[in-house]
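Written below as structure tokens is the structure these notes are about.
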There are 2 protein chains.
Amino acid sequence: MPRELQHGATIWDVARKAGVSITTVSHSLNGKGNISEATRERVRAVAAEMGYVADAMARGLRSSKTDAIGLVFRGLDSLGNYGPNGVDVFMKLAGAAAAETLNRNLGLMLVPDLSRGPLPPFSMSLDGYIVFAPHLDDPVVALLENRGIPYVTWDRDPGRPDFRNWVAHDDAASTRTVLDHLAAAGAGSIAYVGGTDRNAWNFDCEAAYVAWCLEAGMEPRIYHVPERDGVEGGQEVGARILADGLPGAVFCLTGRHASGAAQAMQERGIRIPGDVLVCTGSDSEHSRQHRPAISALDVDIPAAAAALVQRLCDVMEGKSEPDPVLLAARFLHRKSTSPGKARNQQKRGS
Amino acid sequence: MPRELQHGATIWDVARKAGVSITTVSHSLNGKGNISEATRERVRAVAAEMGYVADAMARGLRSSKTDAIGLVFRGLDSLGNYGPNGVDVFMKLAGAAAAETLNRNLGLMLVPDLSRGPLPPFSMSLDGYIVFAPHLDDPVVALLENRGIPYVTWDRDPGRPDFRNWVAHDDAASTRTVLDHLAAAGAGSIAYVGGTDRNAWNFDCEAAYVAWCLEAGMEPRIYHVPERDGVEGGQEVGARILADGLPGAVFCLTGRHASGAAQAMQERGIRIPGDVLVCTGSDSEHSRQHRPAISALDVDIPAAAAALVQRLCDVMEGKSEPDPVLLAARFLHRKSTSPGKARNQQKRGS
DNA sequence: GTACGGAACAAAAACGTTTTTGTGTAGCTG
DNA sequence: CAGCTACACAAAAACGTTTTTGTTCCGTAC
């Protein structure tokens, strides 16, 4: 049991005990001013012995640096609105980001959606922010922009083409990979199921799908389901797709939708992958759990978190802004897209 | 685009614009002093119009309240040492805790393991802490105790029987539930596989197992595998159990161990649940994914998080400390423990 | 012998709040 | 009309740092 009042050890206490002024203490510990090495060392020893740690508030007040960054936490309700890949991805990202920040000796604060309700106490004092999946006219980025707080986003901001501090997967390339794979596995027509959130993920994947169809001479079949509707929304769209005519493959952006759609079709006697291929743009427990397991695009979360934190640190240090970071998604080939006989509903190239 | 320098709007600016002193501003906004309702309202309006938010640093410095709590984040390396249920549970807890704190308008900061390396800047200024699964002589709780920072723990601290601010599942009751279930499903002998971390979870489950065996007249068969060894450790212990003689059931505390043990036995021709029942004390993706799916105890994470945050707030407000919170775990009955013919290796009661 | 300069440290200002203590005016009492 | 209270607000101290500006001492150059 060391000191009794270690809790309140202030810079004055250290100064008194070392027989110097508080200036000397501050300078000694921070390696700044002009202090003889002997004094510096002595002060360091005293401070260490007393377990002195500079008060973060006072330091932050003076130098307006908190050494902590924020991660905008979108609650479950708003995740329905914003978070395309669902809570799983978000929480994994939070964990990876925390692991990444600790390496740099930064704190990571989870703050609720900044756009509604009273601002959480610390939110405006953080050094920077990571924003998850900004949507069109996102009030959160508007607020940060307005306050001049540095931030990076996961996925690009669809409304700000000139904003460059983002990290994302190459959605266009990923989409083409998936579609090529489905076509190679025998799908002559491919239905696309996107979400309704107005974020880059939805926009870019759909655009890539349309472009790919054009090239392949295939008629686009596009469906939209609100992200928040999850598996049930997937079931509903599965039925709708069936009513419109069985395609060779169904590509659902979210894992929940894919799982629901697959389930709805299976319940109506359709076999996967025998009669239709199913694939999702974001792996989740639902896609893994489904029988047969659903092929998916997989996100390298640690890499994404590392890139985000790195970029944010760069921005905070005022480094010049290079190009956005594009990561490659892995395609996880599972049973739901095993190749088989041709499944052309509308003949390819017809 | 509102104001140009909203970023730096200070209490002085508000005071000047409202034609009052900063005292009046502070009092008006915080509903303290003795201010006429007219003035109070006018100041409020001006502040709102300017988008004024009190600087958290200054406020914190003055009143030594940060309105933020910390969650000790144990990195992947130390999770091997500390986190009994693996990273999944921890991240879910973090998410649930974040959702819970935002309701109270508190910030939640993830801080790295406090016991090693330099302390992250903010760690000693937070109002309180949630510590995940403290182990015997945990340096993190020692540090918090030493600094006089309020904290609650998830799972009790095995080394401090008189510390009461914890929330946990009733491990003894859960263990009995599982063992009763296994016995009822026909297991005449049950092998127990625990971890090596010195935390309450391991201690209490093992003690309950031993007690239950004594009552049931069954010879205890206890194995230990380091948590960090994961699935591979489970495979290894599965082989070891088999070499010692096939029991009627295997109860592994962690999902990874259970999955590995099941796998090792299945590879050697043992059928589950035909020849042996397998069950785990903490549900995870591994237990869900395994074929057959492995029965498990399931944690109600949101309830746990809510209880932890609630308790921490109580402690911070200096409320009297009631009894620790004991939550009930749900038992998820899956295929791996389907009842069948008696599987008595050693006859029950013999 | 005075002026200059650098080394080593100290004093004081500043950061933006909250809180304690003042201050002036009005109304009321005796 | 002196004195007291209540009211509405202002001034100033305090929180614990960092940083800017001083101060002292001493050696050296002119």
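The structure presented is a predicted model; accordingly, all values stated were derived computationally and were not measured. Side chains are part of it too, since the values below use all heavy atoms of this structure and drop only hydrogens, waters and symmetry mates. Convention: sequence-line order gives letters A, B, ...; per-chain numbering from 1.
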Any donor-acceptor pair under 3.5 Å linking the side-chain atoms of B:Ser26 with those of B:Thr23? no
Should the side chain of [X] and the base of [N] be counted as holding a donor-acceptor pair, with the cut-off at 3.5 Å?
| X | N | result |
| --- | --- | --- |
| A:Thr39 | C:dA8 | no |
| B:Thr24 | D:dA10 | no |
| B:Arg62 | C:dT17 | no |

In whole angstrom, give the distance that lies between atom [atom1] of [X] and atom [atom2] of [N].
| X | N | atom1 | atom2 | value |
| --- | --- | --- | --- | --- |
| A:Arg59 | C:dA14 | CZ | P | 22 Å |
| A:Glu41 | C:dC9 | CD | P | 13 Å |
| B:Lys65 | D:dG16 | NZ | C1' | 19 Å |
| B:Ile22 | D:dA10 | CD1 | C1' | 9 Å |
| A:Leu29 | D:dG16 | CG | P | 16 Å |
| A:Asn34 | C:dG5 | CG | P | 17 Å |
| A:Ile11 | D:dA14 | CD1 | C1' | 16 Å |
| B:Trp12 | C:dT18 | CH2 | P | 14 Å |

Below the 4.0 Å mark, does [N] have OP1 or OP2 next to a side-chain nitrogen or oxygen of [X]?
| X | N | result |
| --- | --- | --- |
| B:Asn30 | C:dT18 | yes |
| B:Ser36 | D:dC7 | no |
| B:Ser26 | C:dT18 | yes |
| B:Lys32 | C:dT19 | yes |

State, with a plain yes or no, whether a side-chain heavy atom of B:Leu312 is found less than 4.5 Å away from one of B:Met316. yes
Starting the side chain at C-beta, find the nucleotide from C:dT17, D:dT20, D:dT17 nearest to A:Thr23. D:dT20
Parallel, tilted or perpendicular: ring planes of A:Tyr151 versus A:Phe163, cut at 30 and 60 degrees: parallel
Is any NZ, NE, NH1 or NH2 atom of the basic residue among A:Asp314 and A:Arg311 found under 4.0 Å from an Asp or Glu carboxylate oxygen of the other? no
Hey, does A:Leu61 reach any base, or is it just sugar-phosphate, or nothing, if we go heavy atoms under 4.0 Å? base
What distance separates B:Leu29 CG from B:Ile11 CD1, expressed to the nearest 0.5 Å? 7.0 Å
Closest nucleotide of DNA chain D for B:Glu37 versus for B:Ser63: which of these residues is on the 5' side? B:Glu37
